[in-house]
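Read through the structure below, which is laid out as structure tokens, and then see the notes.
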Amino acid sequence: MSKLLENLNAEQFAAVTLPPQAALILAGAGSGKTRVLTTRIAWLLQTGQANPASILGVTFTNKAAKEMLTRLGAMLPINTRGMWIGTFHGLCNRMLRAHYREAALPQTFQILDTADQLAAIKRLLKTLNVDDEKFPPRELQHFINGNKEAGHRAAQVEAWDDYTRQRVGLYKEYEDQCQKEGVVDFAELLLRSYELLSRHEPIRRHYQLRFRHILVDEFQDTNRLQYLWLKLLAAHGAETPAAVFAVGDDDQSIYGFRGAEVGNMRDFEREFGVANVIRLEQNYRSHGNILDAANAIIANNSKRLGKNLWTDQGSGEPIRVYEAPGDMDEARWIVEEIQQLIRDGASRSDVALLYRSNAQSRVLEHQLFSSGVAYKVYGGLRFFERQEIKHALAYLRLLANPDDDTAFLRVVNFPTRGIGARSLEQLQDAARSFNTSLYATVPHLAGKPGVAIGGFLRLIEEMRRATDGLPLYEVVDHILDASGLRAHYRAEREGQERLENLDELVSAARYFMNEAEQPPAEGEEALPGDPLSRFLAHASLEAGDHQAEAGQDAVQLMTVHAAKGLEFDAVFITGVEDGLFPHEQSMNDLASLEEERRLMYVAVTRARKRLYLTLAQSRMLHGQTRYAMKSRFFDEIPEGLLKWLTPRVQAGFGAGAYHTPSRNAAWNSQHSSPDAAKRNPGAGAVQKSRDLAGLRIGQLVRHAKFGDGVIIAAEGSGQDAKLQINFGSAGVKWLLLSLAKLEAV
DNA sequence: AAGGGGGGCCTTTTT
DNA sequence: GGCCCCCCTT
């Protein structure tokens, strides 16, 4: 056991060995959070304070859950299967499958992912003849999910105005539709599980008695409902509550926009009477200058629980800043710099390009591509979200649950079998009057439309008969042919990749049965549900990696959000401009600006050795060139930590103070770059234009009243010239050059 | 039923 | 600028 605790620092040690009471671990970036969490579990088990079955480990992502299991497996020669470790949604799914009757769900209930949910809402609006201009489906989806995540059923939503009352009505209709079809969306998994526990005392007691240790990762990301769920499971307020060990970092809370409540951390501390708040502040990832910058930035936020990262690794290099005239120049410079890093011995996968919004990746990709630098973009469609996969899954869903109208409509005419919109409309009308699912309505349908659709029904029934008793992967393989999906994509010119993905789905099913789901060992509870339903749940809950081809040596491109939890030797944070980062839609109220600041904090703390902040004076955005000033976050970093690689005037001084534009020391600091001088692009001298008394578009100017701004457009020339200037918070103004006393900065 | 054209929109995203 | 969605045409 001593071996387990070896090499923990004092705070980590204290956290791991806390008595079994409510505890809050404030784990800074790179402070060994996952290690503490897993070591805690291992320690509880090894000291006999807990047995595997009494442990509940909750994470947000499947990746985190898997990592926890893997690390535990490496620490202890124990069977991890007795523990419940998984995501909130995965655990709720498991619970609902085990108690589907009490939860009032069919045994084979299906899970709607976000896209399925949106489709279901659109369909609902259509059947109810509701104007989707007045109730945009996406907005309604947001409304429904927001309410569910706050723990409110339609009946509990307070509606003060007519519009809200109408939306609540639609929420109710949506609930009914899902119930009728036997499907649940993501938020429903949580809410239904919460209601199951609160309404069925024996079930609640069972789990409360069982899970004596509840460990929660990324606690700052929990929403209200998740917090209530934990509180219920932990038997909060009872004589013998479970020990909740919550790990999180309020400074890294970047999912407020989707319902995360940082306030849960404070509530937890107060409501659970947390006696032990432990701060993990020693950072094992980044050099000192990087941490100093991160600390300085986040210090501007209010209502923090308080934390200051430190390292014993030394201060390292300054933070390099490059300001380019345009986004293309920014990308070009970054790629040249990356090539230099690679020449100096860095490997491509040690380098990350981070951006605030996905749209920024295009220019970077273009530049990387034309320079022949291998790169990999994170984001975009995942395996189980691909069109052909969703089609195949829809057939499987119909096998498992014929009442799933979403699945029915998805494939009733795909591949096309002559079932048009009109016959479907008739079917939907009939289904509404019979109050049955589409599938169940077909036999009631007399006459013409019934003929073609009847053929579809027979196809599904034939599939069901032919696959009865087959192992899962053969079921999948069979429906791919029987449905005509394979034939369809074979005939499509660009269908090759889709065919391969369909084959991959068969492999995924085989893998799922063999590896992911080993049969329970002796004495272990079996996972509830039939294999097909379990596989379909798996497909919804774990849509797969964002991009395969891992391991390849490529520069990593992703949003700052996607970078959370990752680390790289060299990090470029790009587009560090006001309006982009902080994003313009989040600059104007304190709460969202603070979330932007936390996002910057996350971005900065991804870097181990070297950090670059780059920006462009102008960039193509929404189809037009836009001009911006450097991000306000620059002002929050001590000047001494920054090294401007482009000429820059110190604010408040008229002249000079240019920083060296030369190349910096080489990656491993053995030698400096030989072509340094010739690659200095001399930013700022690029856009020569009409005579504007020495001013040019894109230039930074100072106005006595409005402060600093950027010239974004001009009309006329000479002393008649009118200039449009973006003064940031002071607004965008048209000024007459002859009147406005402008000073070039 | 499929493809083209036009209009509106535009952070961040896991489950 | 580009994507998605809708509608219109064929």
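Per chain, numbering begins at 1; letters A, B, ... match sequence-line order.
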* Q110(A) side chain to N401(A) main-chain N or O, any donor-acceptor pair under 3.5 Å? -> no

* Asked: In terms of the angle between their ring planes, are F408(A) and F456(A) parallel, tilted or perpendicular, with boundaries placed at 30° and 60°?
  -> perpendicular

* **N-glycosidic conformation, dT12(B) - syn within 90 degrees of 0, else anti** => anti

* **Rounded distance (nearest 0.5 Å) linking atom CD of E181(A) with atom CZ of F109(A)** => 15.0 Å

* Measure distances between side-chain N and O atoms of T114(A) and base N and O atoms of dT15(B), and say whether any donor-acceptor pair falls under 3.5 Å. => yes

* Asked: In whole Å, what is the span from the CG atom of L621(A) to the C1' atom of dC9(B)?
  -> 13 Å

* Closest to the F257(A) side chain: dT14(B), dT11(B), dT13(B)? -> dT13(B)

* To the nearest Å, how far apart are Q226(A) CD and dT13(B) C1'? -> 13 Å

* Between dC4(C) and dT13(B) - P atom distance, rounded Å -> 15 Å

* To do: Salt-bridge test for E577(A) and R626(A): reply yes if a basic N is under 4.0 Å from a carboxylate O, no otherwise.
  => no

* If only side-chain N and O atoms of N62(A) are considered, is one of them under 4.0 Å from the OP1 or OP2 phosphate oxygen of dT15(B)? -> yes

* Check every strand shown and say whether F60(A) touches a base, only sugar-phosphate, or nothing at a heavy-atom separation below 4.0 Å. => sugar-phosphate

* To do: On DNA chain C, reading 5' to 3', which nucleotide is the first and which the last to sit with an atom under 4.0 Å from a heavy atom of chain A, could you check?
  => dG1(C) to dC5(C)

* Asked: What integer distance in Å separates M620(A):CE from dC10(B):C1'?
  -> 15 Å

* Asked: Any donor and acceptor pair, going by atom type alone, linking the side chain of E330(A) with main-chain N or O of G575(A) inside 3.5 Å?
  -> yes

* Whole-Å gap separating C1' (dT15(B)) and CD (E188(A)) -> 14 Å

* Asked: Between F186(A) and L599(A), which has a closest nucleotide on DNA chain B that is more 5'?
  -> L599(A)

* With the threshold set at 4.0 Å, does a side-chain nitrogen-carboxylate oxygen contact exist between R362(A) and E365(A)? -> no

* **Residue closer to the 5' end of DNA chain B, R417(A) versus E595(A) (nearest nucleotide)** => R417(A)

* To the nearest Å, give me how far apart CD (E139(A)) and C1' (dC9(B)) are. => 16 Å

* Measure from the side-chain heavy atoms of H561(A) and tell me the nearest of dA1(B), dT12(B), dT11(B). => dT12(B)

* More than 12 non-hydrogen atoms from neighbouring residues, nucleotides or ligands closer than 6.0 Å to CD on E497(A), yes or no? -> no

* Asked: H583(A) stacking on dT11(B): centroids under 5.5 Å, ring planes under 30°?
  -> yes

* **Counter-base of dT11(B), judged by Watson-Crick or G-U geometry with both distances under 3.5 Å** => none

* Side-chain N or O of T87(A) less than 4.0 angstrom from OP1 or OP2 on dT14(B)? -> no

* Report yes or no: is the ring centroid of Y255(A) under 5.5 Å from the six-membered base ring centroid of dT12(B), with the two planes under 30 degrees? => no

* Asked: When you measure from the side chain of R258(A), which nucleotide among dT11(B), dT13(B), dA1(B) comes out closest?
  -> dT13(B)

* To do: Establish, with yes or no, whether the OP1 or OP2 oxygen of dT12(B) is under 4.0 angstrom from a side-chain nitrogen or oxygen of N358(A).
  => yes

* How is R138(A) classified with respect to the nucleic acid when contacts are heavy atoms under 4.0 Å: base, sugar-phosphate, or nothing? -> sugar-phosphate

* Asked: To the nearest angstrom, how far is H538(A) atom NE2 from dT15(B) atom P?
  -> 11 Å

* To do: Consider the side chain of T559(A), meaning its heavy atoms from C-beta on, and name the nucleotide among dC10(B), dT15(B), dT13(B) that approaches it most closely.
  => dT13(B)

* **Interatomic distance, D113(A) CG vs dT13(B) P [rounded to whole Å]** => 16 Å

* Carboxylate-amine/guanidinium proximity below 4.0 Å for R258(A) and E149(A) -> no

* Report yes if a side-chain nitrogen or oxygen of N413(A) is closer than 4.0 Å to either non-bridging phosphate oxygen (OP1 or OP2) of dA1(B); otherwise report no. => yes

* Say you draw a straight line from CD of Q252(A) to CG of L599(A); how long is it, rounded to the nearest 0.5 Å? -> 10.5 Å

* Structure fact -> Atom CD of Q585(A) and atom C1' of dC10(B) are separated, to the nearest Å, by 8 Å

* Give a yes/no on whether any side-chain N or O of R382(A) is located under 4.0 angstrom from OP1 or OP2 of dT15(B). => yes

